[in-house]
There are 2 protein chains.
Amino acid sequence: MKNILLNFISNYISLTEEEMNAIFSLDIFRSVKKGTILLREGQKSKESYFVLKGCIRTYFLIDGEEKTTAFYTEMEALTPPCVISQTPSEYYVSCLEDTILVASNADMEAEMNSKFPKFEIMCRKLSEELLAKQRIDFDEFKTSSPEQRYLNLLHKRPDLIQRVPQHQLASYLGITPQSLSRLRARIMEKSKG
Amino acid sequence: MKNILLNFISNYISLTEEEMNAIFSLDIFRSVKKGTILLREGQKSKESYFVLKGCIRTYFLIDGEEKTTAFYTEMEALTPPCVISQTPSEYYVSCLEDTILVASNADMEAEMNSKFPKFEIMCRKLSEELLAKQRIDFDEFKTSSPEQRYLNLLHKRPDLIQRVPQHQLASYLGITPQSLSRLRARIMEKSKG
DNA sequence: TTCGTTTCTTAACTTAGGTGAACGAATTAT
DNA sequence: ATAATTCGTTCACCTAAGTTAAGAAACGAA
C-alpha cells in the first residue's frame, strides 16, 4: 500500500528518504468496511481522501432520495467542498466496497506544506490537474444526452458499471433507475439489429 | 485595473512592494475586443486568463453547432484544460464583450512560483477553491432539471441572463434554444397564474 | 439607410425521460 | 433457513425536451 502512494506522488514530485519518513510517520492509512459513512450531511470535516483500493461515493439526500454525484476508485482523490469552505457538508461520503484509503487532515497538510515546500507544489499540481479533468467531465456531461453519457461511461470507466449498483449509476448519469434500465434495453436492441 | 488584481490576490496572500512590482513588470494586462477568439480548437496554449472587466466564453464546435459550456466574468479565472495537459485545445475561447483581462503564461507562472513561494501558495489555494466550486456546480447540474437549472442561474448569476445571448445560455444549461424559450414562457405563465 | 444575418419565439410533431405501480430476483438481516 | 428489504426490470401514462420549420425582431455591415 505504501508503494502505491509513493508511486502516485512520484507523478508530481520526487521525494527524499526524509520526506518519505515524514509522510509515513503521520499514520494516514485507514481500512474501512463497506457501508461505512465517512462524512454526513451537516458535519464539518477537515479530511481529504485518497483511494488505494476499493471505492467511495458521494451523494446528496434530497426528499429522502439518494442522489449520487461521484465515485472515487483506485488512485483517485477527494477533498469535499466543505473542507475548503469550512462549512457543514452538503452531502454524504460513504464506502461502496471494503476500502483502503489515505486520510489526510487539512491542518496536517498545512504543516507538511510549510515544512516541505515540495508538498505545496504537489498539491498545486494535483488540484490544477483535477480541476482540468473535472472541467472536461462537466463539459461532456452538458453536451451529451443520457444515452451518450452511458455509452461514454461504458467506454471510459467500464469497471464502474460492474462494481456499482444500477440505481446509483443512474443518478450519477443524471437520470432515474427506470430510465437507465430502459436505455440499456434500447442499446441492446440496437446492437442486435 | 491594477487595484482590482491586487484586491483579488489579497484574498489569498499578502504582497510586499517588491512582489507587486514583480507582477506589474510582467506586462500581463490586455484589452480585447468583443468577438476576439483567444484560443481555437486544435491550438496549443500556455495562457491562463483572469477577467477584470467583460466576459469570455468557452465553446465546442460539434457538427457545426456551438456548444457553450462556460462563461467567465469579472474576478473569474480560466485555465483551459489544454494548458494543463499540454495537448491541442478541444474548444474555443472567445470574448463575448469588450474585455480587459490578465493573461498569464505557464512558464512565467513557474518562474514567479519559484522566485516567490507565496505565489505557489496562492495558486494552490485558488485551484483548490475553484475545484470545490466547480464540483458544487456540477453536482447541482446533475441533480436538477433544465427548468430548475434556469431558475438557479436566475438566482445565482442574474447578470449572465442579461448579458449573454439566449442560445448561448441554452447550451450552457444543456438544452436547445427552443427549449429555453419555451421553458421561460412556461415560468412566466406560472408566475402570472 | 438598407440589406443580410443572427437571434428569438412559436407551433406541430416526435422522442425520450419522469412517475407510479407491480413483480421477480438478489441481498441482507435475523 | 427464512423473512425482509433492496434492486432491477417492465408497463402504461404523462410531461418535457428534441426537431423541423417558419416568421418576426434585433443587430451589423456595407
Side-chain angles (χ1 to χ4, degrees), chain A residues 33-37 55 57 59-68 71 92 94-98 141-154 160-192, chain B residues 33-37 55 57 59 61-68 71 92 94-98 141-154 160-190 192:
Chain A
K33 280 254 162 58
K34 176 175 178 171
T36 306
I37 295 184
C55 181
R57 126 189 192 257
Y59 63 94
F60 292 80
L61 203 53
I62 300 175
D63 301 330
E65 286 252 311
E66 287 185 7
K67 301 270 190 176
T68 298
F71 300 101
Y92 294 79
S94 97
C95 293
L96 213 85
E97 307 169 353
D98 289 350
F141 193 94
K142 265 190 188 173
T143 57
S144 54
S145 67
E147 183 170 329
Q148 287 173 316
R149 278 176 222 152
Y150 176 76
L151 291 171
N152 191 33
L153 188 68
L154 202 59
L160 273 192
I161 288 165
Q162 299 309 316
R163 66 208 286 195
V164 172
Q166 298 282 340
H167 67 285
Q168 290 175 12
L169 267 187
S171 62
Y172 178 70
L173 294 169
I175 58 177
T176 61
Q178 293 93 322
S179 290
L180 177 56
S181 193
R182 180 165 42 194
L183 174 162
R184 279 158 53 91
R186 199 164 61 221
I187 290 169
M188 279 304 191
E189 210 42 48
K190 281 183 201 165
S191 71
K192 272 196 306 185
Chain B
K33 280 255 162 58
K34 177 175 176 171
T36 306
I37 295 185
C55 180
R57 127 189 191 256
Y59 63 93
L61 203 52
I62 300 174
D63 301 330
E65 286 252 312
E66 287 185 7
K67 301 269 190 179
T68 298
F71 300 102
Y92 294 79
S94 99
C95 294
L96 212 84
E97 307 168 354
D98 289 349
F141 193 96
K142 266 190 187 171
T143 57
S144 54
S145 67
E147 184 170 327
Q148 288 173 315
R149 277 176 224 152
Y150 176 75
L151 291 170
N152 191 32
L153 188 69
L154 202 58
L160 272 192
I161 288 164
Q162 298 309 316
R163 65 208 287 195
V164 172
Q166 299 283 339
H167 67 285
Q168 290 175 10
L169 269 187
S171 60
Y172 178 69
L173 294 170
I175 58 179
T176 61
Q178 293 92 322
S179 290
L180 177 57
S181 192
R182 179 166 42 194
L183 174 162
R184 279 158 54 90
R186 198 164 62 220
I187 291 169
M188 279 305 191
E189 209 43 50
K190 281 183 200 166
K192 273 196 306 183

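Side chains are part of it too, since the values below use all heavy atoms of this structure and drop only hydrogens, waters and symmetry mates. In this text the structure is predicted, and so the values were computed from the model without any measurement. Each chain gets a letter, A, B and so on, in the order its sequence line appears, and its residues count up from 1.
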Figure out the CD/C1' separation between Glu189(B) and dT10(C), and round it to whole Å.
14 Å
In this structure, how many angstroms lie between the P atom of dG18(C) and the CD atom of Glu147(B), rounded?
15 Å
I'd like to check the side-chain hydrogen bond (donor to acceptor under 3.5 Å, both in side chains) partners of Asn152(B); sequence neighbours left out, ordered by chain and number.
Glu140(B)
Gap between atoms CD and C1', on Gln166(B) and dT6(C) respectively (whole Å):
14 Å
Consider the side chain of Ser181(B), meaning its heavy atoms from C-beta on, and name the nucleotide among dA16(D), dT10(C), dA16(C) that approaches it most closely.
dT10(C)
Closest approach of Ala170(A) to Leu180(A) (non-hydrogen atoms, all atoms of both residues):
N-CD2, 3.8 Å
Output all residues satisfying side-chain hydrogen bond (donor to acceptor under 3.5 Å, both in side chains) with Tyr150(B), sequence neighbours left out; order by chain, then residue number.
Arg184(B)
Rounded distance in Å - CD (Glu65(A)) to P (dT6(D))
13 Å
Five-pair end axes of the helix from dT1(C)-dA30(D) to dT30(C)-dA1(D) and the angle they enclose, rounded to 10°:
60°
Return the value, rounded to whole Å, for the distance between atom CG of Leu169(A) and atom P of dC7(D).
13 Å
For dG17(C) and Arg186(A) - does any side-chain N or O of the residue sit under 4.0 Å from the phosphate oxygens OP1/OP2?
yes
Residue pairs fulfilling salt bridge (Lys or Arg N to Asp or Glu O under 4.0 Å) with at least one residue in residues 166-177 of chain A, sequence neighbours excluded:
none
Does a distance-only test, which skips hydrogens and angles, find a donor-acceptor pair under 3.5 Å between the side chain of Arg182(A) and the base of dG18(C)?
yes
Whichever of Ala185(B) and Gln168(B) has its nearest DNA chain C nucleotide further upstream toward 5':
Gln168(B)
Partner residues of Glu97(B) under the salt bridge (charged side-chain N to carboxylate O under 4.0 Å, His left out) criterion, sequence neighbours left out
Arg163(B)
Below the 4.0 Å mark, does dG8(D) have OP1 or OP2 next to a side-chain nitrogen or oxygen of His167(A)?
yes
N/O contacts under 3.5 Å, protein versus nucleotides 22-30 of chain D?
residue, atom, partner, partner atom, Å
dG28(D), OP1, Lys34(B), NZ, 3.4

d(CZ, Arg184(A); C1', dT10(D)) in whole Å:
14 Å
Whether Asp98(A) side chain and Lys34(A) backbone form a donor-acceptor pair below 3.5 Å:
yes
Give the rounded distance in Å between these two atoms: CG of Leu183(B) and P of dG17(C).
18 Å
Looking only at non-hydrogen atoms, find the nearest pair between Ser171(A) and Lys142(B) and report the distance.
O-CD, 4.4 Å
Measure from CD on Glu66(B) to C1' on dT5(C) and round the result to the nearest Å.
14 Å
Any pair counted as salt bridge (Lys or Arg N to Asp or Glu O under 4.0 Å), so long as it reaches residues 164-174 of chain B, sequence neighbours left out:
none
Side-chain N,O (Ser179(A)) to OP1/OP2 (dG18(C)) below 4.0 Å
yes
Arg149(B) meets the side-chain hydrogen bond (donor to acceptor under 3.5 Å, both in side chains) criterion, sequence neighbours left out, with none
Can you name the residues that form a ring pair (Phe, Tyr, Trp, His ring centres under 6.0 Å) with Phe71(A), not counting sequence neighbours?
Tyr172(A)
In terms of side-chain heavy atoms of Ile175(B), which of dG18(D), dT9(C), dT19(C) is nearest?
dG18(D)
